[in-house]
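Report on the following structure.
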Amino acid sequence: MEKEQYQQLEQNATPKPPYFKNVAKAFLVGGLICTIGQAVSLFYIIFFDFTEATAGNPTVATMVFFAMILTGFGLYKKIGQFAGAGSAVPVTGFGNAVVSAAIEHRSEGLVLGVGGNLFKLAGSVVLFGVVSAFFVALIKFILVTIGVVSW
Amino acid sequence: MAMTFVFAFFVGGIICAIGQLLMDYGKLTPGHTLSTLVVAGAILDGMGLYEPLINFAGAGATVPITSFGNSLTHGAIAEAERHGLVGVLTGMFEVTSSGISAAVVFGFIGALIFKPKGNVD
Amino acid sequence: MKLLGMMLPLLVSLSLLSGCGEKEKVIVYGSPENEKEVEAILKEEDYVDKTTVIQYDNSMLVAVQIKPWDKWKKAKLEKKLQKKFDEKYPSKDVFVSADYKIFYEANKIKREQVEDNKLKDKITKLKKLAKEET
Amino acid sequence: MVIVFQSKPSLIAGGVVAGPLEKRSIFSQYFDANYDDERWQMKTNEQGHRKMVEEACEFAMKKAGVKKTDIDYFMGGDLINQMTPTNFAARDLDIPFIGLFSACATSISSIIVASLLTEVGASNFALAGASSQHNAVERQFRYPINYGSQKPQTAQWTVTAAGYALIGKHQEEYPSIEAATVGKSVDYGMDDPFHMGAAMAPAAFQTIQSHLEQRNQKIYHYDLILTGDLGQLGLKLLKGMFVESGIKSEELTPLRDAGAEFYGQDETFQSGASGAGCSAAVFLSYVIQQMRAGTFKRVLLVATGALLSPLTFQQGETIPCTAHAIEITMK
């Protein structure tokens, strides 16, 4: 049997992912995590000196803490299997990526294992975040100096 | 204030739904999806669209990873406004540092406390 | 799907809860000499939901809460109100903020009936807090 | 291409040890032991993996009533970088050792080499088999264990199991190896590491077809043609290829897959089991015991392996696969 013929056979045999069900699950869990995030930021606004604008930072830190606990007990993996992007896109997903890599490579020692692999999964997020921020800010700076746009 | 909860749920849900579509339909790995969303967050902030979204949806916009790209860009632009071109670099982590520092610290603590646990049940 | 069934009623009730009845829209505290005037200004702006104003000799803090659907333009609306109040009271040092923290603290000040000199410190503290970037 | 063994070396005994999750497998009653800790009370996954290999060999030797000193050769491999768990197990077993890597087909490739050594008279007793440990394999090939990624339905679950056979001279009352086919490296352009079944099916098809041709047999000559770890989807594709090549689907009843049946119809394992341990465990426990009980007379065991590495995937390569087969008969 030829390669193309086989690839055709494979296309028909492989089931398509359940798009609607997956998106619905991601929407629900993602929304739930953001609602929890809103509750956490409200908590910081009321009990600490954070305004709506500055409450984001402690909220993100707290969500990452929750992610560590859930990851450590192996629960985040189950949420991830159910929710997919619903658990990966929020900052808890970023936390899970870092914490799971750290836990995983603890057996190789703190320096080479944890240190060397901490950002194995989440490093790309930091890289593309910083690089895209740099170019966007650069473009905006140029546009402003030309006078096309104002700050 | 209660309405913000509803908006946070919907906006957060929609961003995650977009991420899920990128993964299922676009056949991207989680790494590619998150990177795409971060870049999208940065571009949206460049166009000044992300700050209104945060005002509107609160945590619905600050919790998803797009807010990481947004706050990096926001810091860079703000600093560029004050100090010119070099500000683009120096201002990068001006606004957001808690995401990464929390992840690193809790990653380390997690590594000390927990062991990798496969599915055994 | 059972999760979906559980979530929807919870969500619908949450959104109904917020559209509750009309509490008095504007509260003015401290030296209430131009209460009526302030209320009039705020009435004109349809996007304003609830407001608490704190006054003490010539400094005035306007903590406004914008209607949920208009929150998109919160930054612009804040500036617009600020300009309006500055024109209205050039002699006074007015500070408008649409942040929930300022609104929450302003209500607290009224609840605790904070008096004169402490009132001045509170207002300056809140102004500084509102200006914070990170 | 096909190797015919005149002296028909025998599979005297099979030692199979599996992890805690494998208690849920439909074959678990045939396993020699199911350990409660996935790391065998060791510090790291790799050390647990090594301990598992040693225990499987000990079971095989105990069942055959043979001591470590009587064994001439120890052959095997696993999926970890440079097969260190098997290398370290060889250190403790203290037997002349050849490490083999054909991914999840290592169980059969090591049995073929052991049979050849027995055939030429160089070995009276040889240990041959393969193993895989879920945590150690997943963290190397895919993601850290606790990472919350979503596995698609085409994904398969790496089994924590080790299966080692003791191969000796021909003895009537044991299943004996009549022939073997060493598979080629076949690449049909599949590149999704989460859909191994599709990548391995063509290799299995080619090996089975060439074995049948060279031995001029047909599928119905066999009571069982058991592939290693194609999974439910891979098996469907394999059957599709046979139907495409002109064989009616009802003639394909002997065609079964260890990975597809390993965890039964359990949804959490998506398309079934995979890993070198899956084929090794099922071949050397279920199949041998059923043959000695007389259920199967002539069996073709086809272990399938995907010869990729995390690097080749990141470099955009497709996945070449291989499949090795041995034909076992029982009087």
Side-chain angles (χ1 to χ4, degrees), chain A residues 1-18 22 25-26 29 67-90 92-109 113 117-118 120-122, chain D residues 38-39 42-48 135-136 138-140 142-155 157 186-192 194-195 197-199 201-203 205-206 209 231-246 267-271 310 318:
Chain A
M1 176 184 265
E2 285 331 310
K3 226 183 246 193
E4 295 69 27
Q5 212 182 346
Y6 176 73
Q7 275 161 4
Q8 193 53 37
L9 180 71
E10 191 262 337
Q11 293 299 341
N12 314 343
T14 312
K16 294 279 170 288
N22 282 357
K25 285 192 274 188
V29 175
M68 178 191 86
I69 300 294
L70 289 172
T71 307
F73 288 111
L75 298 172
Y76 208 90
K77 157 168 65 152
K78 296 191 170 71
I79 301 170
Q81 181 59 36
F82 174 78
S87 66
V89 164
T92 49
F94 177 78
N96 169 254
V98 172
V99 171
S100 61
I103 292 174
E104 191 58 51
H105 293 283
R106 172 73 180 80
S107 48
E108 281 84 71
N117 293 284
L118 194 65
K120 189 167 76 164
L121 297 171
Chain D
E38 58 194 346
R39 279 186 276 278
M42 304 294 281
K43 213 158 71 64
T44 70
N45 288 313
E46 285 70 23
Q47 283 168 357
N135 293 0
E138 284 297 310
R139 70 193 288 243
Q140 178 184 304
R142 297 195 178 92
Y143 292 118
I145 302 304
N146 293 350
Y147 180 53
S149 69
Q150 186 177 44
K151 283 199 171 133
Q153 299 134 306
T154 57
W157 184 271
V186 174
D187 186 343
Y188 267 44
M190 295 294 137
D191 58 6
D192 179 1
F194 284 100
H195 193 8
F205 177 74
Q206 254 185 34
Q209 212 176 25
Q232 275 130 22
L233 284 173
L235 184 62
K236 212 166 91 180
L237 283 167
L238 182 64
K239 288 185 172 171
M241 290 177 86
F242 272 114
V243 167
E244 204 76 31
S245 75
E267 242 307 294
T268 52
F269 298 101
Q270 280 97 25
S271 172
T318 52

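The sequence lines fix the lettering, A, B, ..., with proteins before strands; numbering per chain opens at 1.
Looking at N12(A), there are no atoms closer than 4.5 Å to chain D (heavy atoms on both sides), in backbone or side chain. Using a 4.5 Å cut-off between heavy atoms, A67(A) does not touch chain D at all. In this structure, the portion of N45(D) lying under 4.5 Å from any heavy atom of chain A is its side chain and not its backbone. Using a 4.5 Å cut-off between heavy atoms, S245(D) does not touch chain A at all. Contacts of Q47(D) with chain A are absent, with no heavy-atom separation under 4.5 Å from either backbone or side chain. With a 4.5 Å cut-off on non-hydrogen atoms, L233(D) touches chain A through its side chain but not through its backbone.
With a 6.0 Å cutoff to the six-membered ring centre and a 45° limit on the axis angle, R142(D) counts as a cation-pi contact of F194(D).
Contact count against chain D (heavy-atom pairs under 4.5 Å) is highest for Y6(A) among Y76(A), F73(A), Y6(A). Ranking E2(A), K77(A), Q81(A) against chain D, the residue ahead of the rest is Q81(A), based on heavy-atom pairs under 4.5 Å. When G240(D), P202(D), P152(D) are compared by the number of non-hydrogen pairs under 4.5 Å with chain A, P202(D) comes out ahead. Ranked by heavy-atom pairs shorter than 4.5 Å toward chain D, the options I79(A), V99(A), T14(A) are led by T14(A). Put simply, of Q206(D), E244(D), E46(D), the one with the most heavy-atom pairs under 4.5 Å next to chain A is E244(D). Of the listed residues (K151(D), K43(D), K236(D)), the one with the most heavy-atom contacts under 4.5 Å to chain A is K151(D).
Taking all atoms of both residues into account, the shortest heavy-atom contact from L121(A) to S100(A) is CD1-OG, 4.1 Å. Closest non-hydrogen pair, T44(D) versus R39(D), comes out as C-CD, 3.7 Å. Nearest heavy-atom pair, A201(D) versus L237(D), reported as atom, atom and distance to 0.1 Å: CB-CB, 4.1 Å.
Between E138(D) and I145(D), the closest side-chain pair of non-hydrogen atoms falls below 4.5 Å.
With sequence neighbours excluded, the residues satisfying side-chain hydrogen bond (donor to acceptor under 3.5 Å, both in side chains) with Q150(D) are Q20(B). Legend: residues meeting side-chain hydrogen bond (donor to acceptor under 3.5 Å, both in side chains) with T71(A), ordered by chain and number and at least two apart, are N96(A).
Judged by distance alone, the side chains of N135(D) and E38(D) do bring a donor and an acceptor atom under 3.5 Å apart.
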